[in-house]
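Have a look at the structure below, then the notes.
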Amino acid sequence: MAATVSFKVPAPHGASDVSVSYARVGRGEPLVLLHGIGHHLQAWDPVVDILATERDVISVDLPGFGASPALPYGLPYDLATTTSVLGALFEALELGRPHVAGNSLGGLLALELGREKLARSVTVFSPAGFWTEAERRYAFTVLLAMRGIAQRIPERVVRRLSRTAAGRTALTSTIYARPGRRSAEAVVAETRALAAATGFGATLRAGTTVRFTDDLPGLPVTVAWGTRDRILVRRQGVRAKQLIPHARLVRLPGCGHVPMNDDPALVARVILDGSH
């Protein structure tokens with residue numbers, strides 16, 4: 001069951017109130033889960049119950065995505081601001097320095113939280129920021145096309161398509177290697193979330209110049225990449241390993257860009273192994 005927490009973050013003209021939607025379950029050391037652009041916290045649903053047996057799991061809707069409201073006027077959707085918001089969220093929920101796992105945009109944010117010494121460990125799945133300019137343009141073109149389709153297609157059509165494996169494949173095969181495994185309700189909800197995400201455009205624009213180029217000494221880092229990622233190609237994982245030499249690089253056989261649904265047991269094991 002999702003909840004909402006509100007807190008203040010620094011803004012150009014004083015502090016601003018920010019609200020974030022999250023779900024929390026389990027026991028153990030705190031583990032924060034961050035989704036990708038246009039998605040919502042339910043992206044992690046396939047792995048949450050497994051993780052919750054060993055961790056206090058906090059799944060987050062990033063500002064302007066899912067059920068989290070847009071950022072207040074004057075706050076940009078850039079890495080520095082979102083990292084600051086997440087740091088304030090950790091304080092509001094009294095998490096200390098939690099373990100953080102992220103996918104795509106969420107992976108980049110997890111790495112940034114690690115760089116800012118706000119995370120105890122970082123586990124990332126196909127993180128953004130290790131692309132060449134050509135790879136970034138390709139990924140953004142795919143994401144914009146997905147967003148356009150989600151906004152144009154009537155919900156009744158989405159619901160009809162979601163009832164069959166072939167329809168779910170048509171709607172979600174860009175992000176899932178095994179789209180038929182996603183439930184009809186989840187496909188409808190995430191298509192609606194992609195269409196409605198108020199932070200999508202500004203986040204994408206802010207990402208045009210983003211590269212992650214820092215080593216993270218002393219921080220446990222795991223970088224995992226699906227072998228069938230169709231948005232951020234897996235050679236970017238090798239690049240990440242070159243930049244963060246001590247990172248554990250994990251191959252996810254048969255998984256797409258959002259691997260949690262493709263192989264929940266493997267993804268959960270990678271997170272638990274990386275968050276001791």
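Numbers here simply count residues along the sequence, with the first being 1. These numbers were taken from a predicted model, which means no experiment stands behind them. Below, all heavy atoms of this structure are taken into account, side chains as well, without hydrogens, waters or symmetry copies.
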When rounded to the nearest 0.5 angstrom, what is the spacing between [atom1] in [X] and [atom2] in [Y]?
X	Y	atom1	atom2	answer
H257	L143	NE2	CG	7.0 Å
E116	L109	CD	CG	11.5 Å
R97	K117	CZ	NZ	8.0 Å
L249	W225	CG	CH2	8.5 Å
H246	K241	NE2	NZ	8.5 Å
R269	I271	CZ	CD1	10.5 Å

For this session: Please name the residue in the list I58, D61, V124, L113 that meets the side chain to side chain contact (heavy atoms under 4.5 Å, CB included) test with L34.
Result: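 It is L113, the one option of I58, D61, V124, L113 that forms the side chain to side chain contact (heavy atoms under 4.5 Å, CB included) with L34.
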
Problem set entry | Partner residues of Y22 under the ring-ring contact (aromatic ring centres under 6.0 Å, His included) criterion, sequence neighbours left out |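 With sequence neighbours excluded, Y22 shows a ring-ring contact (aromatic ring centres under 6.0 Å, His included) to no residue whatsoever.
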
Does any N or O in the side chain of [X] come within less than 3.5 Å of the main-chain N or O of [Y], such that one atom is a donor and the other an acceptor?
X	Y	result
R181	D262	yes
S84	A80	no
S68	G64	no
R178	C255	no
T81	Y77	no
H99	S275	yes
N103	G36	no
R234	D229	no
E29	R55	no
T227	G254	yes

For a quick test of reading the model, state the closest non-hydrogen atom pair linking [X] to [Y] and the distance between them.
X	Y	answer
A197	F65	CB-CD2, 3.4 Å
L105	I37	CB-N, 3.7 Å
P127	L232	O-CD1, 3.7 Å
V100	A110	CG1-CB, 3.6 Å
P76	G74	CD-O, 3.5 Å
D214	R115	OD2-CD, 2.7 Å

Check for me, please, whether [X] and [Y] land in the same ILVMFWY cluster - side-chain distances under 4.5 Å, paths through other members count.
X	Y	answer
V238	V233	no
M146	I153	no
V187	I175	no
L93	V18	yes

Problem set entry | Test item: side-chain donor near acceptor, R230 and T174, under 3.5 Å |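 Absent: no donor and acceptor within the cut-off.
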
Problem set entry | Check ion pair D17-K8 (N to O, under 4.0 angstrom) |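 So D17 pairs with K8 through a salt bridge.
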
Exercise. Between I231 and S126, does a side-chain contact (heavy atoms from CB on, under 4.5 Å) hold up when you go through it step by step?
Worked result: CA-CA 9 Å; I231 297 180; S126 298; over 6 Å; no

Exercise. V210 and R136: side-chain contact (heavy atoms from CB on, under 4.5 Å), yes or no, with the steps?
Worked result: CA-CA 9 Å; V210 167; R136 183 201 63 75; over 6 Å; no

Exercise. Got a sec, which pairs hit ring pair (Phe, Tyr, Trp, His ring centres under 6.0 Å) with one end in residues 180-219, sequence neighbours left out?
Worked result: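 Checked against ring pair (Phe, Tyr, Trp, His ring centres under 6.0 Å) - neighbours excluded - the pairs reaching residues 180-219 are F130-F212.
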
For this session: Please name all residues satisfying side chain to side chain contact (heavy atoms under 4.5 Å, CB included) with Y138, sequence neighbours left out, ordered by chain then number.
Result: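 Listed in chain order: V142.
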
